Amino acid sequence: MKRLALMTLALMLASAPAAQAAESMDPQLKEKARRAIDGGLNFLRAQQAEDGSLSKSVGITALALRGFLESHRGYNEADGPFVTRPVEFIVSKVNPDGSISESLQNRSYNTAVALVALAATKNPTYADVIANGQKFLKGHQIDEGEGYQKDHRYYGGVGYGGDERPDMSNLYLAVEGLKATATDPKDPVWEKALVFVNRSQNRSESNDQAWAANDGGFVYMPGWNPPEFGGKTDSYGGMTAAGLISLLFAGVDRNDPRIQSAYQWMTANYTLDVNPGTDAKHGLFYFYNAFAKVMAAYGEDEFTDAKGQKRNWRNELAQKLISLQAADGSWVNADSNKWWENNPQLVTAWTVIALEHIVR
Amino acid sequence: LAETATRERAGGRFHLQEQAGAARDRCERAGLNIAADGALDRRQLLAGVVRDGLALVSAAGVVAWALGIAHADTLPSSRLLLVAAIPTLLVPLFGTWRSGTLRTLAIHVATWAFATLIVLCATGLGVGAVPLDRLPVALLMALGIVVVSQLGATCASHLLQSAGTAPAVAREWASWLVTATLWLLAAAPLWLGPLADLGARTGSAPTAIVAASPLVHIALAAGQDLLRTEWFYAHTSLGALQFEYPTLVAVAIAYLGGATALAVLCFLLSRLDAAGGATTRSARTP
């Protein structure tokens, strides 16, 4: 009897941190967030074409599919055509080179997000498709195979599709796809990716590029930002979240100074009103999505911002996203059309995934 | 030439003789012998193609260098695009010394092929790798552009001649007109970028602008996402907007259709020219 009581006590103590984590978010808000997810998923389901696709795009279809499969509803392929048809659409777009894409452009982006969605089905039927997709992403990474040596600023990066210039955003998505499909941690792809990640961080101790500053944030690609963000090398929120996720997924220790300095940048520049580090709303929902993922991966529910104010990111981001939801359950960036954020199917899929990371 | 033509007109020569005289004069200036029936010596025709081709190579080399073909960050696929596109967009300016639809077309295609081959070899040997596996499709697309632009120039030349411009001058003007149009269309993603930005929410402006650019067509054939290359991504907002590239098949059909339509138009215009010339001749014949 005494032994049973001790075991019960031990179990209670062991489960205490988990219970605490689960309560890290306001329960009422959590319920609202779940309802917002349901609204978003209903919107996405209603938008599906006959073949299960959204916007005839593998990328958007895969993101929406991920939203279904990772939701609190626990949807899977047994739940019906709204799950199976998108899967069939994605698989129908597998190319001989292993990429999963409806066009030559965006091949890397589409393949990366498709890998995450197919992995989320947990269906071994797609093992070959996943393995070939991994192979494509690894082959697509800029390295000696493309004639680039380690000292080149493109080295280790991944671009949108063809063999065009790489960027931090596409690398993060590729890394996420490889991580979701359990790529061997010893695979050289990670080490090469870190070369590019290091060169995209404003941290001169780990970045060998002459332009590197020292605020710890990230830029779009080594030495350059898109014109929407001034075209220079100032750190901004979307890419800092992308860079931080890439570091974490590539296996860099949480206490590594690269991660610590990026996290400090993120918390010091925290805002949900604009893309942090800029005064623009371009790529804002991309930021929300990446921010939710990176904060969930980092594992801190609260942080202190630059003004010394304690912030609960789950509560604040959930409130923000719920406030931006349209009556039909969708989200769209009303202030910018850049990076397709005027497409409600894409933005809704991103936001649903963000909310799922918040309530998880 | 214009002065010659004016003098000849003043002398009351027939219109067809004017054309022949102007062409002969131009050929002579170009160092070519012309037979009484208007046929050029084959070797001299070849020499003309080579001479124009070399001039095209020089011009293309300067433009390609200015656009960064030798830059360390230029991707091999971008190098391929420059090799295929620049001679294609410049060739209407060369080989304008010959009249006649099919013959002029043949001279332009030969000049373009010669120049492209030299630019390709020079790039591969002196600048850096060019992905040869994508070259044939890119060059086929470029050939389509050469054919359509040359037929367009011939039509424009006929129209200018029917408006009273001397044949040689009309050919010069037509070649400049077609070249300017080609470059404007090629650069449409740059200078129409702001319009695409405005229209992105409501219409399909970005897709239409992208579809209109011959540079995009060659890039498409070369398997390159042109608008997301570093330079274009930095200089036009189109790369960050939602748009769709046209399919290769759609572009090929458009060029085939355009070439056919222009060939028919050239034929009709040349017939009209001939009829006009005959009318003029019979009116002037005592």
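Order of the sequence lines fixes the chain letters, A, B, ..., with proteins taken first and strands second; residue numbering starts at 1 for each chain. The model shown is predicted, which means the values in this text are computed figures rather than measured ones. Atoms considered below: every heavy atom in the structure, side chains included; atoms not considered: hydrogens, waters and symmetry mates.
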Over all heavy atoms of both residues, which pair between [X] and [Y] is shortest? Give the atoms and the distance, please.
X        : Y        : value
A:Gln105 : B:Gln224 : NE2-O, 4.2 Å
A:Glu228 : B:Ala240 : OE2-CB, 3.9 Å
B:Ala234 : A:Trp224 : CB-CZ2, 3.2 Å

[X] atom [atom1], over 12 foreign heavy atoms within 6.0 Å:
X        : atom1 : result
A:Trp211 : CH2   : yes
A:Glu50  : CD    : no
B:Asp133 : CG    : yes
B:Glu244 : CD    : no

> At a heavy-atom separation under 4.5 Å, does A:Phe229 approach chain B through its side chain, its backbone, both, or neither?
Replying inline: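 Contact with chain B is absent: no heavy atom of A:Phe229 under 4.5 Å.
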> Measuring heavy-atom distances to chain B, does A:His282 have an atom under 4.5 Å in its side chain, in its backbone, in both, or in neither?
Replying inline: neither
> Quick one: side-chain hydrogen bond (donor to acceptor under 3.5 Å, both in side chains) partners of A:Ser204, sequence neighbours excluded?
Replying inline: A:Asn214
> Does anything in residues 245-254 of chain B pair up under side-chain hydrogen bond (donor to acceptor under 3.5 Å, both in side chains), and if so which pairs, sequence neighbours excluded?
Replying inline: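 Listed by first then second residue: B:Asp225-B:Tyr245.
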> Taking A:Arg165 for the side chain and B:Arg228 for the main chain, is one N or O donor matched with an acceptor at less than 3.5 Å?
Replying inline: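 Yes, the answer is positive, given that a donor and an acceptor are paired below the 3.5 Å cut-off.
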>> side chain to side chain contact (heavy atoms under 4.5 Å, CB included) for B:Tyr233 and A:Tyr160? Distances and angles first, verdict last.
In response: CA-CA 12 Å; B:Tyr233 209 62; A:Tyr160 271 102; 3.6 Å; yes
